[in-house]
Each structure stands twice: as structure tokens, then as C-alpha cells.
Amino acid sequence: MLFNSIAFLLFFPVVCAIYYCIPASWLRARNVWLLLASYYFYMSWEPVYALLLLATTVVTYFAALGISRFQLQRARRGCLVAAIVLCLTVLLLFKYYSFLASNIEELLRGCGWTMTMPRMRWLLPVGISFYTFQAIGYTVDVFRRTTPAERDFPTYALFVAFFPQLVAGPIERSTHLLPQFREQHRFDYDRALAGVCMMMWGYFLKLAMADSCGLFVDMVYNHLPRHTGGSYLVAVLLFPFQIYGDFAGYSLIAIGAARVMGFRLMENFRRPYFACSVGEFWHRWHISLSTWFKDYVYIPLGGNRVPRWRNYFNLLVTFVLSGMWHGANWTFLCWGALHGVLLCGEKALHIGRKTYSPMGRCLHWAVTFLLVSMAWILFRADSLDDAMTIFTGIFTHLAMPMPKYALFMQIAMAIGIVLAKEIGEERGLHARLSGKKLWLAQHIFLILGAAYLLLFGVLDGAQFIYFQF
């Protein structure tokens, strides 16, 4: 069930209405209702894959109980390792097996051996990387004794399967979300209004900006031989806005939907294209994933409390794994490695640690946006050959594309509105609105936002990009 579908627009109000009809003191009944709604939401794609979600939940639930029960460190570590191995094995089979099999065959062929490995024809379960990492993070937190093991199975199952952030994040932490399922949430109009406004802005990012950019970007990337370097360049400059609007839009819809019901999900994006360094970009982009890798991979490897060469190694490993998390393709691995190299370079040159003049900040912003945009080529291209075609095409045969005035005007309007809003947020404009002014602005925003989407939004029900991860 997609957020940008009629089914969800019917599903969500019904879930909220029944949730608030259940007395706030009946916490268990409310949690069971949300759990059933979450599984229905997930099963709307492929019902059988709900068994994988349930299996991940059961494994990590009992592993955490074992960790909390045992006092011997070896036994506790054994429960942790068993849970991580089982969860990652499922992820490996469904997401990476075909990629590994084809590359092993290619390697053996290069050595003069012929071998055909069996293939799995199963579809990739939606959101498997997200809920797997959330469940693993919980198990590690219990092992570190930063959170107690949850003994009520329905409550823990809801933590793993909570439908707003189930299939594309934010990847929540047990210390933040689990305690909220024990809170009595009563309906609050102002809070619900704020949540609906967040959802509306998420829909604007997705339907008005991301999908409009996607009409041109997908046309170019999916038919490279038909286009020239000018088209490549425009597509490369538009894709950052497409993926930002798509993923940040989903995150805002998720955060807003949760807020309507009284839950607080973590911020996932903080105006990333205002960053003046690649390091700052990763403090603003996909915050839940970048902090997950920092806490569960980078710091356990030693973080920056090691010799400089080892710190660079830790950064590279972390970002290569981050790239692999995004997909089973050499393009994602190279994209992660490239960001790791850029971060190592910034550390070596002490970029981002100094105070720059306004002109210096503008220069650093321009360079950062250019580097991030070029790196996105690897993320979007279907293969390394396609990525190289775009890289070389931008600097050769730079004939500009035939103008598509209506589409480009539609894209320019959406990007302009987004930039205007985010510049205001960077300058703290939203914080200056309070009371009746904010209440009035929210209602006007909902009316104008709905009208804009009906007039200019791409209402074809396009899937969110990060669903494939």
C-alpha cells in the first residue's frame, strides 16, 4: 500500500479513528490494533512476506530475552551473534544472493571454469533492509544494556512493524520508540494538525517535485542511447531533487502520520543540500541510517579514537557497507566508496572545521552540491557502464535537449517553492510563527497545498524509490 494511493488515504483515517475510539487506558488493545493494521498494511504488497517480518521479530525478541536473562558474557554474546547472523542471512538470501551468484560465476569463468549457480526467482520483500536493521539495533541495545528487553511480544512486534515507518524508515531506535507504546495518547487537534501539515509537505515533495523531476530523469536514464550530453547534464542536476523529494517526502508523510496518532519519529532529513561539506551533508541526509551505521559499525570499529590511517579505514568500511545496504549492484558499492573517499579527503584537509566568510561558504556549498550530484550518477545508473556513459557524455557531445517548456516550468515551480520554504527554515522563519498566526498559516497551507497538487502534481501513483531497499 503506497502512501500516494487512494487505498492509504482511506486506510489511514480508519486506523486513526478506531485507535482513538479505544480508551487511552487500554494500551494493550490499542497496540494490538496498530499491530494488526501494520501487518495488513505490509501484506497489501505480498502477504507471504509478512512471514519474514514475523520471523525477524520472533528471532530478535527471544534473542533479547536470552541476552537479558544470561549473566555469562559468552552466553549473552552468543544470543546476539545468533540473532544478527539469522537476520542478515535472510537479508543476504533475498537481496544479495543473485548478485553474489552472478559475480562468482563471472569470476570462475575468468579462471577458465564454467559453473551455473541456482537462482532465486523471489521478489525482494519491501522494506526488508529497514526493519532488519531496526530489529538488529534493538538487539544490540539490549546487549549493551542501554534498553531493557521488551517482554510483551505484541508491543515489541509493533515496534518492528509500526506501519508509518515500516517499509522506508526512519529507522527508529528502541530507546526512542518503544517507550512511546506505553504512553496514553489522547487526541490533540493542534498536534494532529501539525502532523497533517507534515504529511501535506511530504506529498508536495513527492508528487510535485520528485515525480515531476522523475518524468525527465527516468526518460534519460532508461534510454541513454537516445540522448546526448546536454540531456545527461540536465538529468544529473535534476536527480538530486528527485531523490530528495521522493525519500524526504516519504519520511515526512511517515513522521506526520505517526504524529497524528501521538507518536514522535526521529527527523530523517535536515535540508541536506544546504550543506557546505560532504561530512555536513551526511549529518543532514538520511539521518536515521547514517547514525545507525555510526553507532553500530563505525564506533565499534574504533571510530576516530584510533590512528589516522585506521580512522580512514573505518570510514571507508562504513560507507562501503552503507552503499551495499542500498542495493545489490556494483554501482551502489562504488557510490558508498566514493563518499567514503570524499570524507577521508575532507578529514585530511580539515574541511568543515573552519569558519568561512560568506563567499567561502558559497564556494564550499557549490563544490559540495556538485560532488554529491556527480556521486548520484552511480546511485541512479543501472550499471557502471551506464554511469561511465553519462560521465563522459557530459563533457562531450554537449548538445542541449529539446525544450519541454511545460514540464520544465512545472519542475522549476516546485523546486522554487521547496527552496523558498527551506531557506526560511534555515533562517528560523518557522520558529517565529506562533499561536494564532501558525494555526492560520497551517490551514491556508493545507488548502493551497491540496489545490496545487490537484493542478500540478503527478498523480500516477509512482512507487517511492527507497521501497526497493
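Within 6.0 Å of NE2 in His185 there are more than 12 heavy atoms belonging to other residues, nucleotides or ligands. Atom CD1 of Ile6 has 12 or fewer neighbouring heavy atoms from other residues, nucleotides or ligands inside a 6.0 Å radius. Within a 6.0 Å sphere centred on CZ of Arg308, other residues, nucleotides and ligands contribute 12 heavy atoms or fewer.
A donor-acceptor pair is defined here as one N or O able to donate and one able to accept, closer than 3.5 Å; such a pair exists between the side chain of Glu346 and the backbone of Gly279. A donor-acceptor pair under 3.5 Å links the side-chain atoms of Asn268 to the main chain of Ser288, judged by distance alone. Looking only at distances, a side-chain donor or acceptor of Tyr96 sits under 3.5 Å from a matching main-chain atom of Met324. Counting only distance, with no hydrogens or angles, the side chain of Thr392 and the backbone of Thr389 share a donor-acceptor pair below 3.5 Å. Of the possible polar contacts, one joining the Arg310 side chain to the Leu301 backbone as a donor-acceptor pair under 3.5 Å is found. Using a distance-only test at 3.5 Å, with no hydrogens or angles considered, a donor-acceptor pair links the side chain of Asn222 to the main chain of Asp218. Between the side chain of Asn314 and the backbone N or O of Asn304, no donor-acceptor pair lies under 3.5 Å. Side-chain atoms of Trp292 never come within 3.5 Å of backbone atoms of Ile171 as a donor-acceptor pair (strictly under, hydrogens ignored). The backbone N or O of Asp141 sits less than 3.5 Å from a side-chain atom of Thr146, completing a donor-acceptor pair. For Ser322 (side chain) and Thr318 (main-chain N/O), no donor-acceptor pair under 3.5 Å exists by modelled atom type.
Between Phe130 and Trp325, the ring center distance clears the sub-6.0 Å criterion. Checked against the 6.0 Å centroid criterion, the rings of Phe3 and Tyr250 qualify as a close aromatic pair. Ring centroids of Phe181 and Phe162 are separated by less than 6.0 Å, placing the two rings close together. Annotation: Tyr232 is not in aromatic contact with Phe395 [ring centroid separation under 6.0 Å not met].
With contacts defined as side-chain heavy-atom distances shorter than 4.5 Å, the pair Glu172/Leu178 does not qualify. Proximity of Phe94 to Leu52: side-chain heavy atoms (C-beta onward) are separated by under 4.5 Å at one or more points. Contact check for Tyr296 versus Ile136: no side-chain heavy atoms found under the 4.5 Å cut-off. In this structure, the side chains of Leu215 and Asp211 stay at 4.5 Å or more apart for every pair of heavy atoms. When side chains are defined from C-beta on, Ile255 does not count as touching Pro164, because their heavy atoms never get closer than 4.5 Å. With a 4.5 Å cut-off on side-chain heavy atoms, Pro170 and Ile287 do not count as touching. Leu207 has its side chain out of reach of Val458: every pair of non-hydrogen atoms, C-beta onward, lies at least 4.5 Å apart. Residues Ile243 and Arg380 fail the side-chain proximity criterion, which asks for heavy atoms closer than 4.5 Å.
The two residues Leu453 and Tyr203 have their closest heavy-atom pair at CD1-CB, 3.9 Å. Shown here for Asp295 and Arg173, the closest heavy-atom pair between the two residues is OD2-NH1, 2.9 Å. Residues Tyr244 and Pro272 share a closest heavy-atom pair of CE1-CD, 3.5 Å. Nearest heavy-atom pair across Gly245 and Ala210 is C-CB, 3.6 Å. Here the closest heavy-atom approach between residue Gln165 and residue Leu265 is recorded as CG-CD1, 3.8 Å. Between Ser174 and Pro179, the shortest heavy-atom distance links the atoms O-CD, 3.3 Å.
Taking the six-membered ring for Trp and thresholds of 30 and 60 degrees, Phe241 and Phe369 have ring planes inclined between 30 and 60 degrees apart. Between Phe269 and His286, the angle of the ring planes stays under 30°, which puts this pair in the parallel group of the 30/60° scheme. Between Phe319 and Trp282, the two ring planes are perpendicular [angle over 60°; tilted spans 30° to 60°]. The aromatic rings of Tyr273 and Trp285 are tilted relative to each other, their planes meeting at an angle between 30° and 60°. Ring orientation note: the planes of Phe11 and Tyr40 are close to parallel, at an angle under 30° on the 30°/60° scale. The aromatic rings of His326 and Phe379 lie perpendicular to each other, with more than 60° between the two planes, well past the 30° mark. The aromatic rings of Phe456 and Tyr452 sit tilted relative to each other, their planes meeting at an angle between 30° and 60°. Using cut-offs of 30° and 60° for the angle between ring planes, the Trp376 and Phe239 rings count as perpendicular.
Looking only at atom types and distance, the side chain of Thr60 has a donor-acceptor partner in the side chain of Tyr156 under 3.5 Å away. Between the side chains of Asp385 and Ser383, not a single donor N or O lies within less than 3.5 Å of an accepting N or O.
Arg284 has no carboxylate O lying under 4.0 Å from a charged side-chain N of Glu425, or vice versa, which leaves the two without a salt bridge.
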From CA spacing to verdict: ring-ring contact (aromatic ring centres under 6.0 Å, His included), Phe204, Trp201: CA-CA 5 Å; Phe204 184 91; Trp201 184 240; 5.2 Å; yes
Criterion side-chain contact (heavy atoms from CB on, under 4.5 Å) on Leu91 and Leu88, from CA distance to verdict: CA-CA 5 Å; Leu91 187 62; Leu88 292 183; 4.2 Å; yes
Criterion side-chain contact (heavy atoms from CB on, under 4.5 Å) on Ile84 and Thr139, from CA distance to verdict: CA-CA 8 Å; Ile84 293 175; Thr139 313; 5.7 Å; no
Check against side-chain contact (heavy atoms from CB on, under 4.5 Å), Tyr131 and Val126: CA-CA 10 Å; Tyr131 69 71; Val126 174; over 6 Å; no
Chi angles and distances behind the side-chain contact (heavy atoms from CB on, under 4.5 Å) call for Thr368, Phe274: CA-CA 9 Å; Thr368 300; Phe274 286 83; over 6 Å; no
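Annotation: the span from Met374 atom CE to Leu342 atom CG amounts to 12.5 Å, rounded to 0.5 Å. Here CG of Leu289 is found 9.5 Å from OG of Ser129. Values are rounded to the nearest 0.5 Å.
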